[in-house]
Amino acid sequence: MTMPSPVAPEWFAHQDTVSMARGLLGQLLVHSTAEGWAAGMIVETEAYRGPLDQAAHSFGNRRTRRTEVMFGPPGHAYLYQIYGLYVCFDVVSGPVGAPEAVLVRAVAPVENLPLMARRRGVWAESDLASGPGKLTQALGITMAHNGLPLWEPPLYLAHYRDPWPAHAIAAGPRRNIPYAGEAQHYPWRFWIRGHAAVSRPSGPAAER
DNA sequence: TTGTGGATCGCCT
DNA sequence: GGCGATCCACAAG
């Protein structure tokens, strides 16, 4: 497989955050480094809607060094570190001034599985990138990528397959946001129904 | 300047 | 299912 072409910059601008969260399912996330290029198909996302969303880092338009890129134009990478150990990857959405983003929670390995396995230190395909901290590690994405545009190398999105039929996409509450009040119940987590690469937290009734 | 806690993961029982 | 790792961003003062 040769490296796929990136999406056009306009793709990010013509949809709201929830639409983008759905639209990212089935797209390829590609990262090229000196070690080679690797890619995964996005199978799970979560929408975070800034000002009105208590779960979002930018809730109430909170503008800090960390949230700054979310206030900029859509289609850029928002990266943050969590628990001092892991990095999470978001796609900035919404127009300039609207601090919204989509968290990519899981990808299915598509290209260069050996490289992904080496970075992760595990070899089971279903464990390579089935979580937000796992996929950044598998693809070699770091805090240094914060703010980069996602329509050109080294880190970009590419169309991979046609949009999924509605019945193939499931929606439900987002993971691990107990502090978010009412917002913890909003059905803004989306995933490809039954896909093996969707994250599997240990909680009860972990729906996949 | 300091204290607090997190959009997670993997190992332990 | 429970818990520790590990550190940066944030807010308080």
Side-chain angles (χ1 to χ4, degrees), chain A residues 17-18 20-22 24-25 29 40 42-72 74 76-94 98-109 116-147 150 170-191 196-208:
Chain A
T17 300
V18 168
M20 181 184 287
R22 288 173 157 276
L24 283 170
L25 298 176
L29 178 59
I42 297 172
V43 298
E44 183 181 3
T45 60
E46 284 178 358
Y48 285 86
R49 306 193 59 195
L52 53 84
D53 179 3
Q54 210 172 152
H57 295 156
S58 54
F59 174 60
N61 274 314
R62 189 167 52 170
R63 189 164 190 161
T64 64
R65 209 169 35 242
R66 182 171 67 157
T67 63
E68 186 60 33
V69 298
M70 283 196 283
F71 285 83
H76 291 250
Y78 168 48
L79 288 154
Y80 64 92
Q81 195 172 36
I82 189 162
Y83 302 108
L85 295 167
Y86 302 101
V87 170
C88 292
F89 169 82
D90 292 52
V91 179
V92 173
S93 58
E100 307 193 2
V102 176
L103 169 68
V104 177
R105 283 194 58 90
V107 306
M116 297 174 75
R118 182 155 26 105
R119 286 169 170 156
R120 286 271 298 130
V122 301
W123 286 265
E125 182 172 340
S126 64
D127 200 30
L128 287 182
S130 54
K134 297 179 187 178
L135 75 91
T136 53
Q137 188 175 35
L139 292 174
I141 299 170
T142 69
M143 291 294 291
H145 297 94
N146 192 41
L150 296 171
R174 295 168 292 178
R175 299 280 190 213
N176 303 330
I177 49 168
Y179 53 84
E182 272 306 301
Q184 70 184 290
H185 306 299
Y186 298 168
W188 289 347
R189 169 178 173 252
F190 303 96
W191 67 97
V198 170
S199 67
R200 279 160 289 178
S202 54
E207 193 185 356
R208 200 156 49 114

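Not measured: the values here are computed from a predicted model. Letters A, B, ... mirror the listed sequences (proteins, then strands); counts begin at 1. Because only heavy atoms are used, hydrogens play no part in the values below, and waters and symmetry mates are left out as well, while side chains stay in.
- Put simply, A:Arg120 has a side-chain N or O that comes within less than 4.0 Å of OP1 or OP2 on B:dG10.
- For the side chain to side chain contact (heavy atoms under 4.5 Å, CB included) with A:Trp191, the lone residue among A:Leu25, A:Val198, A:Ile42 that qualifies is A:Val198.
- With sequence neighbours excluded, the residues forming a side chain to side chain contact (heavy atoms under 4.5 Å, CB included) with A:Arg22 are A:Ile169, A:Phe190, listed by chain and number.
- Residue A:Leu103 is classed as a base contact, given a heavy-atom separation below 4.0 Å to a base.
- The shortest distance between the side-chain N/O atoms of A:Asn176 and the OP1/OP2 oxygens of B:dA7 is not below 4.0 Å.
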Mark up nucleotides 6-13 of chain C, 5' to 3', with B wherever a protein heavy atom is under 4.0 angstrom from a base atom, S wherever such an atom reaches only the sugar-phosphate, and - elsewhere.
-> BBSSSS--

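- Annotation: the span from A:Thr17 atom OG1 to A:Glu46 atom CD amounts to 13.5 Å, rounded to 0.5 Å.
- With sequence neighbours left out, the salt bridge (charged side-chain N to carboxylate O under 4.0 Å, His left out) criterion links A:Arg66 to no other residue.
- Residue A:Ile177 holds its CD1 atom at 7.0 Å from CG of A:Asp53, rounded to the nearest 0.5 Å.
- Residues from residues 42-55 of chain A that place a heavy atom under 4.0 Å from any atom of DNA chain C: there are none.
- Annotated stems with DNA chain C as a participant read B:1-6 with C:7-12, B:8-12 with C:1-5, given as range with range, by first number; only runs of 3 or more Watson-Crick or G-U pairs under 3.5 Å qualify.
- Rounding to the nearest 0.5 Å places CZ of A:Phe89 at 12.0 Å from OG1 of A:Thr142.
- For the pair A:Arg174 CZ and B:dG6 P, the interatomic distance rounds to 15 Å; values are reported in whole Å.
- With sequence neighbours left out, A:Tyr186 forms a ring-ring contact (aromatic ring centres under 6.0 Å, His included) with A:Trp188.
- Of the residues in residues 123-131 of chain A, those lying under 4.0 Å from DNA chain B by heavy-atom distance are A:Gly131.
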Could you pull out all donor-acceptor pairs under 3.5 Å where a side-chain atom in residues 127-137 of chain A meets a protein atom, sequence neighbours excluded?
residue: A:Asp127; atom: OD1; partner: A:Lys134; partner atom: NZ; Å: 2.8
residue: A:Ser130; atom: OG; partner: A:Ser126; partner atom: O; Å: 2.9
residue: A:Ser130; atom: OG; partner: A:Lys134; partner atom: NZ; Å: 3.3
residue: A:Thr136; atom: OG1; partner: A:Val87; partner atom: O; Å: 2.7
residue: A:Thr136; atom: OG1; partner: A:Gly133; partner atom: O; Å: 3.1
residue: A:Gln137; atom: OE1; partner: A:Arg120; partner atom: NH1; Å: 2.9

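- Judged as a side chain to side chain contact (heavy atoms under 4.5 Å, CB included), and not counting sequence neighbours, A:Pro173 has no contacts.
- For residues 78-90 of chain A, the side-chain hydrogen bond (donor to acceptor under 3.5 Å, both in side chains) pairs, not counting sequence neighbours, are A:His57-A:Tyr78.
- For A:Glu44, the side chain to side chain donor-acceptor pair (under 3.5 Å) test picks out A:Arg105, A:Arg189, A:Ser199, with sequence neighbours left out.
- Under the rule for a salt bridge (charged side-chain N to carboxylate O under 4.0 Å, His left out), A:Arg62 has no partner lying at least two apart in sequence or in another chain.
- Separation of atoms OH (A:Tyr48) and CD (A:Gln54) is listed at 13.0 Å; rounding is to 0.5 Å.
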